[in-house]
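Following: one structure in structure tokens, then a few remarks.
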Amino acid sequence: MSLHALPQDKLSRLHEDALRQYRELQRKGLSLDLTRGKPGPQQLDLADAMEEALEGKFVEDSTDLRNYGGLEGLASARQLGAEILGTDSADVIAGGNSSLSLMYLTVLFAWQFGPADKSPAWKESPAHFLCPVPGYDRHFSICEEFDIGMIGVPMTGQGPDMDRVEALIRNDDRIRGMWCVPKYSNPTGAVYSDETVDRIARLGKTAHPGFRVLWDNAYAVHDLCEPAPILAGIGEACRRHGTEDSVIQFASTSKITRAGSGLAWLAASEKNRASFLRHLGKFTIGPDKINQARHSRFLPGLNAVREHMKKHAAILKPRFDCVLEILDGELGPEYGSWSRPEGGYFVSFDSLPGNAAEIIRLAKELGVSLTPAGSAFPYRKDPEDKNIRLAPTFPSLDELRQAMEAFVVCVRLATVKSLLKPAGHG
Ligand SMILES: Cc1ncc(COP(=O)(O)O)c(C=O)c1O
């Protein structure tokens, strides 16, 4: 029988049960954290051998790596990025250490100076972005920083709801951009279908000429299962539709080698690259080429990257399995639903509408930190108050198990409490 159909006395008993478990956990004085979507120390160890890859050789392509210059990045670093993004190295700029910084600069340059086609700067008129939700909070923070309006578009298992996206683009001339995390989307884990990729590539035919899709392929090679799903090439699709200028791609090695000291890439049409480099050249004299060479020697091509990522998967898969085992074993559909990602960094949990903030509050009081309610939505407002992003990568397996066991108790307590309320027993 579903929870909703239970008589109040049975619900009261469930409530007492959950409360008793909750109080037992309170006595344990937990201090656990499920908020951080960052690699764990074991994963970071995997790239320690990179330190030896340089072998004291500081010259590449007749360039002294120790000196200024080379704004577009070393050829070997651009090649590595091209293989990860599935594009041509001529399309790629190997920038600094963070793809988020490259995205920020892309928005900043378009906002201040206008996109490459000389259409007006975004700041000249109220600019809006389409934001698939739930999505990546730092994308939304960039929009907020520039006062770019955000329009939420629901995610489906195939990517953003494309009927909605196309209708919005057709009817709203203010739309200048769209965020996309096309593979193992943060946080739902969805991989955009071939049809979705093709429809996104076609948007450039009807959208405002200054419209840009920011294609953040942060989890391009972060597979947990084999065979891994294959993401269709957005560059190829754009070439088919003659919309090359409408999409700018990004990736980094933050979750391949080192977070904060990896490599980041931007791939784009010739026009977009030229415009980006013109502004970038004022911002910096060039990237850290020593780090670029260290990376391209440690990971000489996609096969090496794939082998390296299998080692990450061996560390991460048991963590994701642990989360799913506890959710599957302890909660039924009457308590919510959750994603079953085949890669990436997150499990996305949807409680019954109206319960997410309370679950997060209950967990916090137990000493289990969860990402704040609404984080995955523009303006931090989850209209249904149901989404919770779980990040299993950083804690040890033991900590993760304890945190998840506490989490399910909080979900049960909040859910049963919410159902008791209408009868006045809450
Ligand atoms: C979707 C997405 N994009 C970008 C980033 C950050 O990338 P970087 O470290 O290259 O700035 C993250 C980090 O969690 C992410 O989840």
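Start at 1 and go down the list; that is how both ligands and their atoms are numbered. None of these values were measured; they are calculated from a predicted model.
- Between Asn387 and Asp350, the side chains place a donor N or O and an acceptor N or O closer than 3.5 Å (distance only, hydrogens not considered).
- Expressed to the nearest 0.5 Å, how far CZ of Phe276 lies from CG of Leu102 amounts to 5.0 Å.
- Remark: Glu166 does not engage Arg170 in a salt bridge, criterion side-chain N to carboxylate O under 4.0 Å.
- Protein residues having a heavy atom under 4.0 Å from any atom of ligand 1 are Ser98, Ser99, Leu100, Tyr136, Val181, Asn186, Asp216, Ala218, Tyr219, Ser252, Ser254, Lys255, listed by chain and number.
- Taking 4.0 Å as the cut-off between side-chain N and carboxylate O, Arg138 and Asp216 do not count as a salt-bridged pair.
- Of the charged side-chain nitrogens involved, none lies within less than 4.0 Å of a carboxylate oxygen, so that Arg401 and Glu405 do not count as a salt-bridged pair.
- Side chains of Tyr192 and Lys183: a donor-acceptor N/O pair is absent below 3.5 angstrom, by distance only.
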